[in-house]
Amino acid sequence: MVERKKWSSSILFIMACVGSAVGLGNIWKFPYITYENGGGTFVLVYLLAVLIIGMPILLAEMLIGRNSERNAYDAIVKLSNQNRWWKLVGALCLFTGFGILSFYSVVAGWTVDYFINALLGNLSHLDFTTTGQHFGSFVSNPGKQILYHTIFMAMTSLIVWRGTKGIEKAIEVLMPVLGVLIVVVMSVTVSKYGAGDTLNFLFDIDLSKITAHAILEAMGHAFFTLSVGMGTMIVYGSYFPKKNSLLKATLWIGVLDTIFALMACLMIYPIIFGTKMEVRESASILFTTLSVELQHLPFGNYICAVFYLLIAFAALSSTISLLEPVTAFFIENRNMSRAKATLVSGGSIWFLGVFCALSNGGSEFISKLKIMDHLDYITSNWTLPLGGILLAIFCAYVISNDEKARELNVSKDSMLFKSWNFLLKIVAPTLVLIVMIYRIFNS
Ligand code: PHE
């Protein structure tokens, strides 16, 4: 077997994982679910979920990858000695990645259109009454929807086609620029409207306000935001050299992902609180009301363009990580060349994505089937958490403690190792199971 390509440094590996983790989930979803669930109390629950469920499973996935040096499917097959039940978990991971990328790329494509139009000044005539219509007619325009989805999948595939080298090159540009752009927009919004209300909201902790719904939402989001539950981190971990520390990497990824999510709030909330914006449809606010308010800031057009550009960058570093696991499967399991594997995986996900692109009004028939909503619902609420618990259980019970301790370079009697193993064995699976049962009875 040819030697597997590895990341060139620990920093690039961490940057690639942070790139995967920081995406639409941080900049779009986190601010709106935090807003809907009342601020500080939700943030606290979310932090706990990241700490006791997200990060332990993240570490487990990276360990499975590095130990087996395979893509998610073959890693599980190899480490379970070809057990056919475990193979199903590998297949589940592939399905989830496939499904998420097909609709994620459509939404990511929207940011490209908004970026271009903001830059050209084409959004400046919109006001609060027309912005919703503009968004509605955009998402129901079949040509535009397919075009931007295609652009996004093409960019993703071109990067993945070059393998770890291509991903590293892209990440080296995307992540630092993303960091700078967020700070720029954040400084503009904070200097215009102040950060007082935002900070009060984010730190307003009132334990009596915790609801079951908020806990479930926080747990679900912990999976999505850390990119765990579908094998991305198995594949990324499989390219990580043995000498580097997985524990440190996990810590960095968890901390940086959270910082990006909080910065997104600091970028968006000052506008919401400062303008006393009436938030109705919080999910689509990013493409409606916010685009109008951003135009009112100093250098409005440009700030608005920068805002959508940074979301596009965050999304691209995540779509790469959604395509790589499927591509690696075709390379390692089906013996395809990387070029062919990228074409097959990128092409088939693009095809499914076309249905998502047409499901917001672009085609009457497809919109009735609500393909995009269903795919989002099934993957984010079901297969991702299910994949997550099963991978936690896999790492906890199938891989021996000796092997795990050796991989982590810690003693298996240390507190750290024991607590992690306990979280994987009992705590994370139980909590996730509760979430899923609750969802069954509440849907
Ligand atoms: N973590 C990404 C986000 O927050 C989404 C993602 C999920 C990426 C699963 C890869 C794998 O947007």
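All ligand and atom numbering here is 1-based and tracks the order in the structure. In this chain, numbering begins with 1 at the start of the sequence shown. Remember, it's a predicted structure, so these values are computed and weren't measured experimentally.
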*Return the option from Gly25, Gly23, Ser20 holding the heavy atom at the smallest distance from atom 2 (C) of ligand 1.*
Ser20
*asked:* Please work out, at 4.0 Å between heavy atoms, whether the side chain, the backbone, both, or neither of Ala21 comes within that distance of ligand 1.
replied: backbone
*asked:* Suppose I only count heavy atoms of Ser321 and a 4.0 Å limit; which atoms of ligand 1 are within that range?
replied: 10 (C)
_Using ring centroids (six-membered ring only for Trp), state whether Tyr269 and Phe201 fall under 6.0 Å._
yes
*ligand 1 N/O within reach of Ser318 N/O, cut-off under 3.5 Å*: no
*Within 45° of the axis and under 6.0 Å from the centre of the six-membered ring of Phe224, does NZ or CZ of Lys29 qualify?*
yes
*asked:* A side-chain contact here means heavy atoms from C-beta on lying under 4.5 Å apart; do Trp28 and Val107 qualify?
replied: yes
*What part of Met230 sits under 4.0 Å from ligand 1 if we count only heavy atoms: the side chain, the backbone, both or neither?*
side chain
_Taking the six-membered ring for Trp, are Trp110 and Tyr308 closer than 6.0 Å centroid to centroid?_
no
*ligand 1 versus Phe224, non-hydrogen atoms closer than 4.0 Å: side chain, backbone, both, neither?*
both
_Could you tell me, atom by atom, which parts of ligand 1 come under 4.0 Å of a heavy atom of Tyr104?_
2 (C), 3 (C), 5 (C), 12 (O)
*Taking the six-membered ring for Trp and the full ring for Phe, Tyr or His, determine whether the centres of Tyr114 and Phe287 are under 6.0 Å apart.*
yes
